[in-house]
2 protein chains.
Amino acid sequence: MTKKDDFDLMLFLPYLLNQAAEECSVSFQQHYKDKYNMLRTEWRVLFHLGYYGDMTAREICNRSKLHKTKVSRAVASLQKRRFLTREKLPHDRRSEVLKLSPAGVAAYRDLRESALSYDQDVTKDFSKPEVDALRQALLKLARL
Amino acid sequence: MTKKDDFDLMLFLPYLLNQAAEECSVSFQQHYKDKYNMLRTEWRVLFHLGYYGDMTAREICNRSKLHKTKVSRAVASLQKRRFLTREKLPHDRRSEVLKLSPAGVAAYRDLRESALSYDQDVTKDFSKPEVDALRQALLKLARL
DNA sequence: TGGTAATAGTTGAAAATGTAACTAACAAGA
DNA sequence: TCTTGTTAGTTACATTTTCAACTATTACCA
């Protein structure tokens with residue numbers, strides 16, 4: 001019980017992934033948290049809309065794997081702060097297309113810059129092939 | 001706004017890490033959640049004690065980077081369910097050594113097996129060097 | 001048609017988390 | 001000793017998240 005089985009906690013993937021993800025998430029937070037007063041889920045929604053273009057909440061759920069209640073609340077909050085607008089679809093009035101407002105687009109563009117430079121900064125201690133391999137591995141693990 | 005900047009959301013590290021970590025965490029959850037009714041923080045504490053041996057809450061915080069309130073609550077909960085005991089240190093009565101009870105050890109051993117086989121399963125589509133590289137990269141990102 | 005099932009999205013209550021303030025114990029210098 | 005500062009850990013309160021139930025709308029099919 002003192003140490004060493006044939007299992008190294010430090011190298012256990014879910015644990016390691018969580019540690020790395022937390023570290024990155026927390027340090028990236030400052031970019032959107034203070035400046036735009038956004039939560040993690042909110043900037044994710046913003047990024048999806050900014051990057052992929054207009055879509056419904058359901059589509060965001062599918063792509064991001066965020067739960068629909070989380071998305072629903074993030075959307076409500078972004079709307080209240082005029083970062084996006086919603087519009088019922090004429091042929092299916094259950095769903096609504098979400099569109100970024102000009103302010104939303106501006107915030108997206110700004111945060112995209114932050115993200116880009118953050119990404120460069122966090123990967124600067126890796127070689128190009130290392131980073132590519134890492135991203136591919138993560139994509140596979142995330143089942144994307 | 002429609003697509004393609006010189007930034008790929010899908011490859012943004014904090015996002016990708018989060019997706020991969022979520023996927024793994026959620027799918028590993030079933031092992032400790034249903035069987036032992038534990039939360040993520042709780043099995044983490046259990047694993048630390050099981051793997052590294054008896055230690056104080058503070059030491060768990062340092063190693064795991066979990067916040068002390070989280071650890072405090074996890075410890076309280078594990079104690080209530082008789083997975084561990086606490087004992088004040090004679091020379092510094094602020095801190096307490098945490099020790100797994102026999103039930104705690106049993107749970108740890110059982111979950112360690114699950115973890116081991118889960119880890120093997122999730123990495124089975126990678127070559128050995130790939131997995132090693134991945135773990136090293138994650139260790140670096142997590143600043144461990 | 002009418003009836004059942006499925007889907008998009010919202011809401012309320014319960015559980016979990018984060019933040020800050022707190023208690024208790026120690027430390028160290030005047 | 002007294003005062004100030006630090007550390008281990010807990011608690012209270014506000015914010016988030018989760019889960020399940022809900023509304024409204026569409027889909028299917030007898």
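Lettering follows sequence order; numbering is per chain, from 1.
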Salt-bridge present ([X], [Y]; N to O < 4.0 Å):
X         : Y         : answer
Arg73(A)  : Glu42(A)  : no
Glu23(A)  : Lys65(B)  : yes
Asp119(B) : Arg135(B) : yes
Glu22(B)  : Arg40(B)  : yes

* To do: Tell me which of Asp92(A) and His91(B) sits closer to the 5' end of DNA chain C, going by the nucleotide each one is nearest to.
  =>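 Whichever sits nearer the 5' end wins; that is Asp92(A).
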Calculate the interatomic distance between [X] atom [atom1] and [N] atom [atom2]; express it in whole Å.
X        : N       : atom1 : atom2 : answer
Met55(A) : dA8(C)  : CE    : C1'   : 16 Å
Leu39(B) : dA15(C) : CG    : C1'   : 9 Å
Gln29(A) : dT17(C) : CD    : P     : 16 Å
Lys88(B) : dA25(C) : NZ    : P     : 8 Å
Ile60(B) : dT10(D) : CD1   : P     : 11 Å
Arg40(A) : dT17(C) : CZ    : P     : 13 Å
Glu96(B) : dC26(C) : CD    : P     : 12 Å
Glu59(A) : dA8(C)  : CD    : P     : 10 Å

* Would you please confirm or rule out a distance under 4.0 Å between OP1 or OP2 of dT10(D) and any side-chain N or O of Arg86(B)? =>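 Yes, Arg86(B) has a side-chain N/O under 4.0 Å of OP1/OP2 on dT10(D).
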* Verify the contact: side-chain N or O of Arg94(B) to OP1 or OP2 of dA24(C), cut-off strictly under 4.0 Å; return yes or no. =>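 For Arg94(B), the contact criterion (side-chain N or O under 4.0 Å from OP1 or OP2 of dA24(C)) is not met.
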* Flag this pair as yes if the NZ/CZ of Arg63(B) is under 6.0 angstrom from the six-membered ring centre of Tyr52(B) and inside a 45 degree cone about the axis; otherwise no. =>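 Output yes; distance and angle both within limits.
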* Asked: Looking at DNA chain D, which of residues 63-85 of chain A put a heavy atom within less than 4.0 Å of it?
  ->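 Residues of residues 63-85 of chain A that come under 4.0 Å of DNA chain D are, in numerical order, Thr69(A), Lys70(A), Arg73(A).
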* Asked: Is there a donor-acceptor pair closer than 3.5 Å between any side-chain N or O of Arg44(A) and the backbone N or O of Ile60(A)?
  ->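 No.
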* Asked: Run the ring pair (Phe, Tyr, Trp, His ring centres under 6.0 Å) check on His48(B) and Tyr108(B) step by step: do they pass?
  -> CA-CA 9 Å; His48(B) 275 268; Tyr108(B) 165 68; over 10 Å; no
